[in-house]
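Everything below concerns the one structure shown next.
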Number of protein chains: 2
Amino acid sequence: MSQQPANALAEQVYLRIKDEIFDFHLLPSDRFTETALAERYGVSRTPLRDALYRLKREGYLEVGFRSGWSVCPFDFVRFDELYDLRILIEINAVERLCQREADLPLAALKKTWLVTAAERETEPRRIAELDESFHCALVEAAGNREVSRVHAELTEKIRIIRRLDFLKEQRVDATYDEHAKLLRLILRRKSTEASILLRSHITQSKNEVRKITLHMLHEARATMQRVSTKTRAR
Amino acid sequence: MSQQPANALAEQVYLRIKDEIFDFHLLPSDRFTETALAERYGVSRTPLRDALYRLKREGYLEVGFRSGWSVCPFDFVRFDELYDLRILIEINAVERLCQREADLPLAALKKTWLVTAAERETEPRRIAELDESFHCALVEAAGNREVSRVHAELTEKIRIIRRLDFLKEQRVDATYDEHAKLLRLILRRKSTEASILLRSHITQSKNEVRKITLHMLHEARATMQRVSTKTRAR
DNA sequence: GCACCCCATGTTGAATACAAGAATGGGTTC
DNA sequence: GAACCCATTCTTGTATTCAACATGGGGTGC
C-alpha cells in the first residue's frame with residue numbers, strides 16, 4: 001500500500017480535493033485560496049498547487065491572476081457533450097465486442113448484474129460505483145487503451161451529476177434491467193439491438209441530468225452528505 | 001502579446017520541451033535531470049516541474065523516484081490505438097455534418113484544399129500543419145467541444161510520427177487529392193461515401209506509420225532539423 | 001453625501017532552501 | 001581479480017521565502 005511513489009502528497013491532495021467537489025463540500029462558484037487549503041490539509045503550497053493546476057486543466061477549477069481560486073460553475077451544455085462522447089465510445093466498444101468470435105471477458109459483469117431482485121444493491125453511492133464499473137468494463141473489454149483512458153476521464157467528469165440519478169429508485173431498477181438485457185445481447189452478439197439499447201440507456205441518463213436544477217443540487221448535497229457520513233463511519 | 005497570464009513561465013517551458021520532443025532534439029529514452037533542464041532554460045525548478053509533470057501525464061515523459069527523467073520510448077501499439085480513436089471521432093464528425101441541412105462552415109477549408117496542383121504547398125512541416133488543421137476543423141465543425149478537445153489532444157500525440165508521413169511526395173499528393181474529394185462529398189451530404197473515404201484515408205496514414213522503424217527515426221531527425229533551422233531562420 | 005485616490009493587505013507566481021533516499025564509485029576483503 | 005560494502009554525491013519531493021500585483025477599505029476633497 002504505502003510504496004514510495006513519486007509525488008505522493010500531490011496525488012493524495014488531488015484525490016481529496018476532487019472528492020470534496022464530488023461530495024458537494026466544495027460547491028460550484030465557491031472561492032478559496034491556496035494558503036487556506038494548504039493549512040486545512042496540512043501540506044505546503046507546493047504539492048497543493050500541483051493538485052490545483054491538475055484540476056484546473058481537467059476543468060474543475062478556475063484561477064484568477066493573484067485573486068484566488070474558484071470551483072467552476074456547472075455547465076450543462078458540457079455535460080450534454082460529455083454524454084454524447086460517451087455514447088460514441090460505448091457504442092463503438094459494444095460493436096467491437098459483438099464482432100469478436102472468441103469468448104468475451106465479461107464473467108465479472110455477469111456475476112454483478114445477472115442477479116435476482118433480492119440480490120440487488122440498494123445504496124445509491126454503491127450503485128453509482130457499480131454503474132461506472134459496468135460501462136468502463138465494457139469499454140476496456142473492447143481492448144483500446146487510449147479509448148479506455150478517454151472514457152475513464154469523461155466518466156469522472158460526469159460523476160458529480162450521474163450520482164444524483166441513483167437517488168431515485170425507479171432509475172436503479174431500470175439500470176439493473178437494462179444492464180442485464182444489454183449483457184445478454186452482447187453475449188449473443190446481437191450488435192444492432194445492443195447498440196440501440198445502449199444508446200437509449202445512456203440517453204435516458206442524459207435526459208434525467210437535464211432536469212437537474214441548482215435547487216436540486218442543494219437538496220442532493222444534504223442527502224449525499226448524510227449517506228457519506230453513514231458509509232464512511234468515522 | 002505580453003499580457004499577464006497565469007503560470008506564464010510554466011506554459012512557455014511546457015511548449016518548449018514539447019517542441020524539443022517533436023523535433024527529435026530530445027530522443028526517446030534520453031535521460032535528463034530537472035536541474036540541468038532548468039539551467040538550460042534559465043528558469044527555476046518550480047515552473048519546470050509543472051511542465052514536466054504535465055508532459056508526464058500526457059504520456060511523453062517518465063520520472064523515476066529520485067532517479068531522473070526520461071523521454072518515453074515509442075509505443076507503436078499506442079499509436080495504432082490513437083489512430084483508431086481518431087477514425088472513430090472523425091467519422092462521427094463527418095456523419096453529423098452530413099446530417100445537417102444548414103450551410104456548413106467549411107469555407108476556409110475549401111480555400112486551402114480545393115486548389116490547383118500549382119497552388120499546393122510543398123514544405124513538409126507546413127503540410128503537416130495544414131493536414132492537422134483540416135482534420136481538426138472537420139471535428140470542430142461538428143460542434144461538440146469535448147470531442148474536439150479529445151481530438152486535439154490525440155492530434156498532438158501522433159504529431160511526432162505523422163510529420164514523417166509528409167516527407168514522401170506521393171503521400172502529399174494523396175493527401176491533397178483525398179482532402180478535396182472528401183470535402184466535396186461532405187458538401188453534397190454523401191455521408192456513406194465520405195465515411196468510407198475518410199476511414200481509408202486515415203488507415204493509409206496508420207499503415208505508413210507502421211512501416212516506421214527506429215532507423216528511419218534517426219534519418220528523419222536529421223531531415224527535420226535541417227528543415228527546422230531553415231524555416232525558423234535564426 | 002458621493003466619488004475618487006492611495007495605501008495596506010492578501011494573493012498567486014517563481015526562486016531558493018532543506019530533506020530523504022537512490023545511484024555511483026572507490027576501497028577492501030576473500 | 002572479482003565481489004561486496006560503505007560513504008559520498010546526486011536527484012527528486014517538499015517546505016519556505018521572496019516578488020509583483022490585484023483588491024478592498026478608509027480617508028479626503030468637492
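Naming convention: chains lettered A, B, ... in sequence-line order (proteins, then strands); numbering from 1 in each chain.
A donor-acceptor pair is defined here as one N or O able to donate and one able to accept, closer than 3.5 Å; no such pair exists between the side chain of A/Arg210 and the backbone of A/Asp80.
Going from atom NZ of A/Lys56 over to atom C1' of C/dG13 covers 12 Å, rounded to whole Å. Put simply, CZ on A/Arg31 is 10 Å from P on C/dT12, counting in whole angstrom units. In this structure, A/Asp50 atom CG and C/dA14 atom P are separated by 14 Å, rounded to whole Å. The separation between A/Glu11 atom CD and D/dT14 atom C1' is 16 Å, rounded to whole Å. What separates CD of A/Glu62 from P of C/dT11 is a distance of 18 Å, to the nearest Å. Atom-to-atom, CG of B/Leu52 to C1' of D/dG13 comes out at 13 Å; the value is rounded to the nearest Å. Between the C1' atom of D/dA15 and the OH atom of A/Tyr41 lies a distance of 19 Å, rounded to the nearest Å. As a whole-Å value, the separation of A/Leu9 CG from C/dC18 P is 20 Å.
Between B/Phe134 and B/His179, the ring-plane angle classifies as parallel under the 30° and 60° cut-offs. Between A/His135 and A/His201, the ring planes lie parallel to each other; the angle is under 30°, not in the 30° to 60° tilted range.
By the 4.0 Å N-to-carboxylate-O rule, B/Glu81 lies too far from B/Arg78 to be salt-bridged with it.
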Let me see the working for B/Glu153 and B/Arg149 under salt bridge (charged side-chain N to carboxylate O under 4.0 Å, His left out), right down to the final yes or no.
CA-CA 6 Å; B/Glu153 282 171 12; B/Arg149 194 183 44 75; 3.1 Å; yes
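Counting atom types as modelled, B/Ser44 pairs no side-chain N or O with a base atom of C/dA14 as donor and acceptor under 3.5 Å.
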Atom pairs, N/O to N/O, protein against nucleotides 7-12 of chain D, distance under 3.5 Å?
| residue | atom | partner | partner atom | Å |
| --- | --- | --- | --- | --- |
| D/dT11 | O3' | B/Gly68 | N | 3.4 |
| D/dT12 | OP1 | B/Glu34 | N | 3.3 |
| D/dT12 | OP2 | B/Glu34 | N | 3.1 |
| D/dT12 | O2 | B/Arg66 | NH1 | 3.1 |

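When each of A/Asp131, A/Asp165, A/Asp23 is paired with A/Arg125, the salt bridge (Lys or Arg N to Asp or Glu O under 4.0 Å) condition holds for A/Asp23 and for no other.
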